[in-house]
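Notes for the one structure printed next.
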Amino acid sequence: IANAGAIPPQNLTLYRGVESAFMTNHVSHFMMINGLLPALVDDGRIVVVSSITHEYVKTLDFLDNINFSKGGYDSLHAYSVSKVLNFSFK
């Protein structure tokens with residue numbers, strides 16, 4: 001079960017300039033899942049947990065400012081965006 005959830009109080013930039021909520025809540029899931037896929041057998045499955053806060057995100061216009069480098073940082077919005085992106089796992 002991929003169930004990370006972090007709401008940083010301020011815009012924190014981590015490895016290679018990636019915003020911390022995006023890194024913790026989405027990129028870490030992606031990296032872990034890609035590492036686990038070769039080990040899955042038969043009925044093996046991976047569950048990715050999101051959050052109801054994904055409903056706060058109404059458009060995908062955040063994609064050109066995913067690290068909030070253009071300003072406008074809001075911790076709840078950063079968290080919500082990272083949870084919307086969790087729906088991209090298939």
Side-chain angles (χ1 to χ4, degrees):
I1 297 175
N3 187 26
I7 304 176
Q10 61 197 29
N11 189 359
L12 300 173
T13 303
L14 301 176
Y15 182 72
R16 294 192 179 182
V18 178
E19 190 271 329
S20 60
F22 178 61
M23 175 68 88
T24 303
N25 302 329
H26 184 71
V27 175
S28 64
H29 289 24
F30 176 81
M31 293 173 70
M32 179 185 73
I33 289 167
N34 277 315
L36 291 173
L37 283 176
L40 287 181
V41 294
D42 301 325
D43 293 342
R45 60 184 83 167
I46 297 170
V47 176
V48 178
V49 178
S50 190
S51 167
I52 193 70
T53 62
H54 75 275
E55 292 183 354
Y56 296 149
V57 179
K58 302 298 182 196
T59 68
L60 297 180
D61 62 354
F62 60 82
L63 292 173
D64 67 344
N65 193 26
I66 197 72
N67 289 324
F68 297 92
S69 58
K70 298 176 184 176
Y73 186 79
D74 174 272
S75 59
L76 183 58
H77 182 68
Y79 175 79
S80 301
V81 164
S82 71
K83 292 303 181 175
V84 163
L85 293 171
N86 285 352
F87 287 109
S88 66
F89 290 111
K90 189 173 182 183

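Numbering starts at 1 and runs along the sequence shown. The figures here come from the full heavy-atom set of this structure, side chains too, leaving out hydrogens, waters and symmetry mates.
- Note: the hydrophobic cluster containing Ile7 does not contain Leu85 (ILVMFWY, side chain heavy atoms under 4.5 Å, direct or indirect links).
- Linking Ile, Leu, Val, Met, Phe, Trp and Tyr residues whenever their side-chain heavy atoms come within less than 4.5 Å places Met31 and Leu40 in a single cluster.
- You'll find the side chain of Thr13 stays beyond 4.5 Å of the side chain of Val18, heavy atoms only.
- A single hydrophobic cluster is not seen to contain both Tyr79 and Leu14; linkage of ILVMFWY side chains at heavy-atom distances under 4.5 Å, directly or through other members, places them apart.
- Every side-chain contact (heavy atoms from CB on, under 4.5 Å) that Asn34 has, sequence neighbours left out, goes to Phe30, Leu37.
- Looking at residues two or more places apart in sequence or on another chain, you find a side-chain contact (heavy atoms from CB on, under 4.5 Å) between Thr24 and Ala4, Ala6.
- Met32 meets the side-chain contact (heavy atoms from CB on, under 4.5 Å) test with Ala2, Leu36; sequence neighbours excluded.
- Listed by chain and residue number, Asp64, Asn65 satisfy the side-chain contact (heavy atoms from CB on, under 4.5 Å) test with Lys70 (two or more places apart in sequence, or in another chain).
- Annotation: salt bridge (Lys or Arg N to Asp or Glu O under 4.0 Å) contacts of Asp42 (sequence neighbours excluded): none.
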Problem - CA sep, side-chain torsions, deciding dist, call: Phe87, His54, ring-ring contact (aromatic ring centres under 6.0 Å, His included) - result: CA-CA 9 Å; Phe87 287 109; His54 75 275; 4.7 Å; yes

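- In this structure Ser20 satisfies the side-chain hydrogen bond (donor to acceptor under 3.5 Å, both in side chains) test with no other residue, sequence neighbours excluded.
- Sorted pairs that involve residues 18-31 and meet salt bridge (Lys or Arg N to Asp or Glu O under 4.0 Å), not counting sequence neighbours, are lacking altogether.
- When hydrophobic residues (I, L, V, M, F, W, Y) are linked wherever their side-chain heavy atoms come within less than 4.5 Å, the members clustered with Tyr73 are Phe68.
- Contacts of Asn11 classified as side-chain hydrogen bond (donor to acceptor under 3.5 Å, both in side chains), with partners at least two apart in sequence or in another chain: none.
- Using a 4.5 Å cut-off between side-chain heavy atoms of Ile, Leu, Val, Met, Phe, Trp and Tyr, with links allowed through other members, Phe22 and Val84 fall into the same hydrophobic cluster.
- Judged by distance alone, the side chains of Asn86 and Ser50 never bring a donor and an acceptor atom under 3.5 Å apart.
- Nearest heavy atom pair, residue Ser75 against residue Pro8, reads CB-O, 2.9 Å.
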